[in-house]
Amino acid sequence: MSGSHFGKLFSVTTFGESHGPSLGAIVDGCPPGLPLEAADLQQDLDRRRPGQSRHTSQRHEADRVEILSGVYEGVTTGTPIGLVIANTDARPGDYRELAQILRPGHGDYPYLMKYGHRDYRGGGRASARETAMRVAAGAIARKYLALEFGIGIVGWLDGIGSLRFAGRPPRVRPDNDFFAPEEEWLAPIAELIESLRREGDSVGARVGVVAYGVPVGWGDPVFDKLDATLAHALMSIGAVKGVEIGDGFKAAFQRGSEHRDAITPDGFRTNHAGGILAGISTGQAICAYLAFKPTSSIRLPIASVGTDGQPREVLVKGRHDPCVGIRGVPVAEAMVALTLMDHALRQRGQNGAVTPPMRPVPGSIGPDEE
Ligand SMILES: Cc1cc2nc3c(=O)[nH]c(=O)nc-3n(C[C@H](O)[C@H](O)[C@H](O)COP(=O)(O)O)c2cc1C
């Protein structure tokens with residue numbers, strides 16, 4: 001199968017392009033009996049959608065999701081859940097002049113060479129419009145995980161420009177334009193975004209996602225270790241160039257005495273591992289971090305070639321986020337939810353009847369907690 005499908009027991013298949021008539025998803029494997037309505041999905045979609053604030057892309061999409069199947073009398077039936085969102089603010093005309101140009105930093109060149117024919121309008125399938133369906137599907141997973149296990153998934157902007165969050169992962173989802181964990185960040189970020197807009201430039205971002213309340217035991221060694229599927233899920237988001245679990249790349253410069261997390265009858269003392277050992281959840285908070293690259297579509301010119309192979313200068317007008325990492329926060333949360341949901345069902349399927357020979361040790365919270 002080609003690459004539009006994610007998950008084994010709880011699976012999502014997405015379809016649709018940026019400037020086509022609609023986007024859609026089929027979510028299969030959802031257990032029956034989950035109370036579900038479009039409003040559950042809409043909350044998360046509203047966090048992701050463009051045009052929410054003057055700091056992100058000015059494309060005005062309502063992102064109204066419709067549930068076509070799999071829900072009857074307000075609860076899931078266990079059959080495939082069909083989801084659709086109409087594209088209401090597609091303006092293919094904005095992109096016509098790019099038909100013969102290959103934008104650096106985008107999928108234009110590799111898509112053309114791989115498929116031979118491409119939908120160039122707004123990046124077609126490579127466009128981040130597609131992530132709306134991940135967020136819609138992720139909201140179903142999030143609801144099940146919350147009701148069944150009490151799991152909470154919180155994403156936040158962990159770093160942008162010179163700002164770098166040094167505190168514990170937040171307990172609740174930051175509810176501001178930037179998903180910033182600290183109120184003091186709001187003014188400097190707004191200032192940074194405005195100055196980038198003036199300069200026609202963009203900036204990268206670090207995003208954090210933590211999952212609280214995941215029981216010990218999820219993850220399927222060896223190829224489907226929980227950290228491996230999380231990395232797969234998070235790396236599949238456009239513009240993500242790096243994923244770390246727990247201390248991540250810091251571990252390369254640590255000593256064993258520093259990195260290991262001591263276990264006591266009262267719980268783990270630290271969480272450098274990010275809540276996963278040997279590909280299996282430990283019961284500690286699962287902590288993942290993503291590096292988003294700076295937006296490629298900017299007004300500053302850059303050398304490229306046309307589809308005729310001749311040199312061209314490219315500068316991109318249109319409606320773009322100076323920092324795609326900000327809108328990447330709800331997408332990252334959704335991918336963590338989809339990953340955990342799949343592993344939850346896999347755990348139940350294979351090991352539901354296992355009685356562990358000891359009581360679980362309590363988990364601890366943040367990645368750096370001492
Ligand atoms: C939520 C979100 C919004 C995005 N918006 C834009 C955008 O407005 N302009 C842009 O150039 N890239 C945007 N991107 C990134 C591109 O989709 C991505 O860089 C491109 O498809 C190439 O893929 P790659 O960066 O993974 O190699 C966005 C990504 C996400 C996750």
Side-chain angles (χ1 to χ4, degrees), residues 3-4 14 16-19 23 44-61 63 85 87 89-91 94-95 98 101-115 118-138 155 157 160 177-179 193 196-197 200-207 209 231-243 290-302 304 314-336 338:
S4 292
T14 69
E17 285 85 24
S18 175
H19 289 64
L23 302 163
D44 284 4
L45 282 164
D46 288 347
R47 282 162 66 77
R48 191 218 71 102
R49 95 185 139 93
Q52 284 288 85
S53 80
R54 64 199 171 87
H55 307 295
T56 56
S57 166
Q58 294 306 296
R59 179 170 173 169
H60 290 286
E61 284 291 352
D63 277 358
I85 293 176
N87 283 327
D89 192 24
R91 295 188 205 163
D94 281 6
Y95 296 93
L98 293 175
I101 289 174
L102 304 171
R103 295 165 306 165
H106 280 282
D108 300 357
Y109 172 67
Y111 260 73
L112 181 66
M113 300 306 278
K114 178 177 173 67
Y115 298 105
R118 74 192 166 111
D119 179 350
Y120 59 81
R121 302 165 304 167
R125 181 70 177 152
S127 158
R129 272 301 287 143
E130 175 269 330
T131 61
M133 294 327 297
R134 299 170 184 235
V135 171
L157 186 69
I160 180 170
D177 283 353
F178 307 116
F179 308 112
I193 299 288
L196 289 166
R197 273 201 199 287
D201 211 344
S202 60
V203 71
R206 182 175 151 101
V207 164
V209 186
H232 176 185
L234 297 172
M235 277 304 268
S236 75
I237 302 170
V240 172
K241 300 306 281 184
V243 172
L290 299 81
F292 278 87
K293 74 183 193 185
T295 316
S296 303
S297 291
I298 52 178
R299 278 190 281 114
L300 304 178
I302 183 172
S304 185
V314 176
L315 60 94
V316 182
K317 294 177 220 136
R319 304 159 287 169
H320 299 279
D321 293 339
C323 176
V324 297
I326 296 171
R327 286 183 50 231
V329 171
V331 183
E333 290 176 338
M335 292 313 294
V336 170
L338 292 172

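These numbers come from the heavy atoms of this one structure, side chains and all, not from hydrogens, waters or symmetry mates. In each ligand, atom 1 is the first atom listed, and ligand 1 is the first ligand listed. On a predicted model such as this, the values are computed, not experimentally measured, just so you know. Just so you know, residue 1 is the first one in the sequence shown, and it goes up from there.
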Engineer: Excluding sequence neighbours, so at least two apart, what forms side chain to side chain contact (heavy atoms under 4.5 Å, CB included) with A137?
Structural biologist: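 Side chain to side chain contact (heavy atoms under 4.5 Å, CB included) check on A137 returns V12, V27, L338.
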Engineer: Can you list the atoms of ligand 1 that are under 4.0 Å from a heavy atom of I237?
Structural biologist: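 Answer, ordered by atom number: 31 (C).
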Engineer: Mind checking whether K241 has an N or O less than 3.5 Å away from an N or O of ligand 1?
Structural biologist: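 N/O-N/O distance under 3.5 Å: no.
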Engineer: Would you say ligand 1 has an N or O under 3.5 Å from any N or O of A239?
Structural biologist: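 Indeed, backbone or side chain, A239 has an N or O that close.
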Engineer: For ligand 1, is there an N or O atom under 3.5 Å from any N or O atom of K293?
Structural biologist: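 Such a contact does occur with ligand 1.
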Engineer: What about H106: any of its N or O atoms under 3.5 Å from an N or O on ligand 1?
Structural biologist: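 Between H106 and ligand 1, an N or O pair is found under 3.5 Å apart.
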Engineer: Of all the atoms in ligand 1, which lie at a distance below 4.0 Å from a heavy atom belonging to G238?
Structural biologist: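 Going through ligand 1 atom by atom, the ones under 4.0 Å from G238 are 26 (O), 29 (C), 31 (C).
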Engineer: State the atoms of ligand 1, each with its element, that fall below the 4.0 Å cut-off from a heavy-atom position in G105.
Structural biologist: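 Taking each heavy atom of G105 in turn, ligand 1 has 22 (C) under 4.0 Å.
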Engineer: For ligand 1, which atoms have a heavy atom of R327 less than 4.0 angstrom away?
Structural biologist: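 Numbered from 1, ligand 1 contributes 1 (C), 3 (C).
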Engineer: By number and element, which atoms of ligand 1 are closer than 4.0 Å to a non-hydrogen atom of T295?
Structural biologist: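 Answer for ligand 1: 7 (C), 9 (N), 10 (C), 11 (O), 12 (N).
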Engineer: Nearest non-hydrogen contact with atom 30 (C) of ligand 1 belongs to which option: P322, A128, A132?
Structural biologist: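 Residue with the shortest heavy-atom distance to the ligand atom: A128.
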Engineer: So, S127 and R121: side-chain donor and acceptor under 3.5 Å apart, yes or no?
Structural biologist: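 Side chains of S127 and R121: no pair found under 3.5 Å.
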Engineer: So is S202 in contact with ligand 1, going by heavy-atom distances below 4.0 Å?
Structural biologist: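 Outside the 4.0 Å threshold, so no.
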Engineer: Is the closest heavy atom of A126 to ligand 1 under 4.0 Å?
Structural biologist: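 Heavy atoms of A126 do come under 4.0 Å of ligand 1.
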Engineer: Walk me through whether C323 and I193 qualify under side-chain contact (heavy atoms from CB on, under 4.5 Å).
Structural biologist: CA-CA 8 Å; C323 176; I193 299 288; 4.1 Å; yes
Engineer: Return the minimal non-hydrogen interatomic distance between I85 and A132, and the atom names on each side.
Structural biologist: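 Of all heavy-atom pairs spanning I85 and A132, the closest is CD1-CB, 4.1 Å.
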Engineer: With a 4.0 Å cut-off on N to O distance, would you call D177 and R327 a salt bridge?
Structural biologist: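 Judged by the 4.0 Å cut-off on N to carboxylate O distance, D177 and R327 do not form a salt bridge.
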Engineer: If we count only N and O atoms by modelled type, under 3.5 Å, do the side chains of R48 and T131 hold a donor and an acceptor together?
Structural biologist: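 Checked: R48/T131 side chains pair up, N/O donor to acceptor below 3.5 Å.
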Engineer: Between the side chains of R125 and S18, is a donor N or O closer than 3.5 angstrom to an acceptor N or O?
Structural biologist: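 Side-chain D/A pair, R125 to S18: absent.
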Engineer: According to side chain to side chain contact (heavy atoms under 4.5 Å, CB included), who are the partners of P110, at least two apart in sequence or on a separate chain?
Structural biologist: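 With sequence neighbours excluded, P110 shows a side chain to side chain contact (heavy atoms under 4.5 Å, CB included) to no residue whatsoever.
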